[in-house]
Protein chains: 2
Amino acid sequence: MSTIDRKAKEKEALKALILKGAKKLFVEKGIEHTTIRNIAEEINYSVGTVYVYFKDKNDILHDLHTIGFQELDSYFMELYTIEDPKERLKKMGFAYIKFAIENSEMYDLMFNLKAPIEFLKDSENEDWDEGCTAFGLVKKTIEECINKGYFKGHNVEPLAFMVWSLVHGMCCLEIHQRIKNVNFTNPDTILYDGYNEYLKMIEKL
Amino acid sequence: MSTIDRKAKEKEALKALILKGAKKLFVEKGIEHTTIRNIAEEINYSVGTVYVYFKDKNDILHDLHTIGFQELDSYFMELYTIEDPKERLKKMGFAYIKFAIENSEMYDLMFNLKAPIEFLKDSENEDWDEGCTAFGLVKKTIEECINKGYFKGHNVEPLAFMVWSLVHGMCCLEIHQRIKNVNFTNPDTILYDGYNEYLKMIEKL
DNA sequence: AAATAAAATGAACGCTGTTCATTTTATTAT
DNA sequence: ATAATAAAATGAACAGCGTTCATTTTATTT
C-alpha cells in the first residue's frame with residue numbers, strides 16, 4: 001500500500017512541478033509567449049509527459065488561475081484583521097490593485113482570459129468557486145458596512161458589483177497599457193489619484 | 001495621372017475589403033479563432049495578398065480597432081445633443097456598456113488586447129489617438145459638470161478616470177463571462193442594477 | 001531473473017503567422 | 001498591335017504551435 005501512496009505523492013509532485021515551471025515562464029515572458037514545449041523544457045521533461053498530467057493547455061491555465069486566487073485570498077484574509085468594515089473595504093481595493101499590478105499576467109488569467117472559464121464548461125463542477133469566494137469577501141465587507149449604517153439606500157450585491165467593477169476596471173486599463181497611452185496630465189499618479197476619488201466618493205454614500 | 005489616382009483608390013478599396021472580411025469573421029467566430037488564411041479565403045484572395053496590404057496581423061488588428069472607435073465615437077457624438085452634462089454623462093455610460101455588449105469582440109480589441117498597442121510601438125506616431133479622443137469626450141462632459149457646480153471637491157481627470165474604470169470594469173466582467181459565473185442573486189439584471197448604483201452615487205457627489 | 005505494470009518519450013499531424021521567388025495581370029512605349 | 005516594363009497577386013515553404021499515441025524506458029511484482 002505504501003507504494004501506491006508514494007506513487008500518488010509523486011504524481012502530485014510532478015503536477016506541481018509543471019505548474020511551477022509554467023508560472024515561472026508566464027511571469028517571465030507572458031502567457032501567450034509560453035508554450036507547452038517551453039514548460040516541458042523548463043522542467044526537463046518531454047512534451048508528452050505534460051499531457052500525461054494535464055488534459056490540455058486550458059487545464060494548466062485553470063490550475064494556475066486557482067493558485068492565483070489562493071494568493072489573492074491571502075491578501076484579503078490579512079485585511080480581515082481590520083475591524084471597521086469601511087476601513088477594510090478601502091484597504092481591500094488597494095490590495096486588489098497592488099496584486100493586479102505585481103502579478104499582471106496572473107491577474108489577466110484570473111479575471112480576463114477565457115481559458116479558465118472554458119475549462120469549467122468542460123468539467124463536472126461548472127461553478128467558478130474561486131471567483132465566488134473572492135467576491136464573497138467583498139460582498140461580506142459591504143454587507144457589514146450597510147449593517148453599520150453606511151451606504152444607506154444602496155443594495156449589497158449591486159453595490160459590491162459596482163465596487164468590484166470600479167477597481168477591476170482600473171487594473172485592466174493599467175495592465176493593458178491603456179493608461180499610459182492616454183495623455184493624462186499626471187500619468188504616473190493617475191491610478192493613485194483615481195483611487196483617491198473613489199475613496200472620497202465612498203465617504204459621501 | 002488618373003491612372004495613379006485610380007490605383008490608389010483600388011488599393012484603398014482592397015484594404016477596406018480585407019478589413020471588412022476580417023471584421024465579419026471576428027464577429028462570427030471570435031478574434032482568436034480567425035486566421036489570416038480565413039480572411040483571405042473569405043474575400044477570395046490569397047494569403048500573400050493580405051501581406052501586400054498589411055505589414056502583419058497586428059496591423060490588421062490596429063486598423064480594426066480604429067474602426068471600432070469610429071463607431072463608439074458616433075455613439076458618443078449622438079449624446080452630445082443632450083444639453084445637461086450630468087444627464088449626458090449618465091447616458092454615455094449606458095451607451096458605452098451597450099456598445100461593449102453588442103460588439104464584445106471589437107470592445108476587447110479596443111480596450112484589452114495587446115495588438116493595437118504593440119502596433120503603436122512599432123509605428124511613427126506612438127500616441128493612442130483613438131483612446132485619447134474617446135476619453136476626451138468623457139473628460140469634457142465631466143468638466144462641464146464641475147463647471148456647473150456638480151462634483152464639488154473632485155478633480156476632473158482622476159474623476160473621469162474613475163468613471164471610465166467603473167464602466168469599463170462592468171463591461172470586462174460581462175464580456176469575459178465573470179458575471180454569470182459568480183452566483184449573483186439576480187445574474188440577469190446585476191449589470192443593470194450595478195449601473196443603477198452608480199447613477200445613485202453620481203447624485204451624491 | 002522473468003513477467004508485468006506504470007511512466008516517459010518524441011515523431012508525426014494539422015494547424016498557425018509570415019516570407020519571397022515566381023507567375024499573372026495591367027500599364028506604358030514603340 | 002506588339003514588345004517592354006511595372007505592378008499586383010500568388011502559393012509553396014518555413015519554423016513554431018497544441019495535441020496524439022505507438023513505442024521505449026523505468027519501476028514494481030512475481
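Side-chain atoms are counted along with the backbone in the values below, which use heavy atoms only and exclude waters and symmetry mates. Naming convention: chains lettered A, B, ... in sequence-line order (proteins, then strands); numbering from 1 in each chain.
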message = Does Tyr198(A) form a ring pair (Phe, Tyr, Trp, His ring centres under 6.0 Å) with Tyr195(A)? I'd like the steps, not just the answer.
response = CA-CA 5 Å; Tyr198(A) 158 69; Tyr195(A) 192 74; 5.1 Å; yes
remark   = Residues of residues 60-67 of chain B with a heavy atom under 4.0 Å from any atom of DNA chain C, listed by number, are none
message = Taking 4.0 Å as the cut-off, does a side-chain nitrogen or oxygen of Tyr51(B) come that near to OP1 or OP2 on dT19(C)?
response = no
remark   = A correct dot-bracket answer for DNA chain C, with pairs being Watson-Crick or G-U at under 3.5 Å, [ ] for crossing pairs and | for inter-strand pairs, is ||.|||||||||||||||||||||||.|||
inquiry  = I'd like to check the side-chain contact (heavy atoms from CB on, under 4.5 Å) partners of Lys180(A); sequence neighbours left out, ordered by chain and number.
reply    = Gln177(A)
remark   = The salt bridge (Lys or Arg N to Asp or Glu O under 4.0 Å) partners of Lys200(A) (sequence neighbours excluded) come to Glu197(A)
remark   = residues 21-62 of chain B vs ring pair (Phe, Tyr, Trp, His ring centres under 6.0 Å), sequence neighbours excluded, gives His62(B)-His65(B), His62(B)-Phe119(B)
message = Show me the pairs that pass salt bridge (charged side-chain N to carboxylate O under 4.0 Å, His left out) and involve residues 61-82 of chain A, at least two apart or across chains.
response = Lys23(A)-Glu71(A)
task = Find out whether Lys140(A) and Arg88(A) are in side-chain contact, i.e. whether some heavy atom of one side chain is under 4.5 Å from a heavy atom of the other.
result = no
ask   = Would you find a donor on one side and an acceptor on the other, under 3.5 Å apart, between the side chain of Asp84(B) and the backbone of Glu87(B)?
value = yes
Side-chain donor-acceptor pairs under 3.5 Å in residues 162-172 of chain B, sequence neighbours left out?
from      : atom 1 : to        : atom 2 : distance (Å)
Trp164(B) : NE1    : Tyr96(B)  : OH     : 3.1
Ser165(B) : OG     : Phe161(B) : O      : 2.9
His168(B) : ND1    : Tyr107(B) : OH     : 2.5

Check: residues 129-138 of chain B side-chain donor-acceptor pairs under 3.5 Å, at least two apart:
from      : atom 1 : to        : atom 2 : distance (Å)
Asp129(B) : OD2    : Asn125(B) : ND2    : 2.8
Glu130(B) : OE2    : Thr66(B)  : OG1    : 3.0
Thr133(B) : OG1    : Asp129(B) : O      : 3.0

message = Using the side-chain contact (heavy atoms from CB on, under 4.5 Å) criterion, which residues pair with Val156(B)? Sequence neighbours excluded.
response = Lys139(B), Ile142(B), Glu143(B), Ile146(B)
task = Strictly below 4.0 Å, heavy-atom distances to any atom of DNA chain D: list the hits from residues 106-124 of chain B, or just say none.
result = none
task = For DNA chain D, determine which residues of residues 23-31 of chain B have any heavy atom closer than 4.0 angstrom to one of its atoms, and list them numerically.
result = none
query = How would nucleotides 6-15 of chain C be written as a contact map, 5' to 3', with B for base contact, S for sugar-phosphate-only contact and - for no contact, using protein heavy atoms under 4.0 Å?
reply = SSSBB-B---
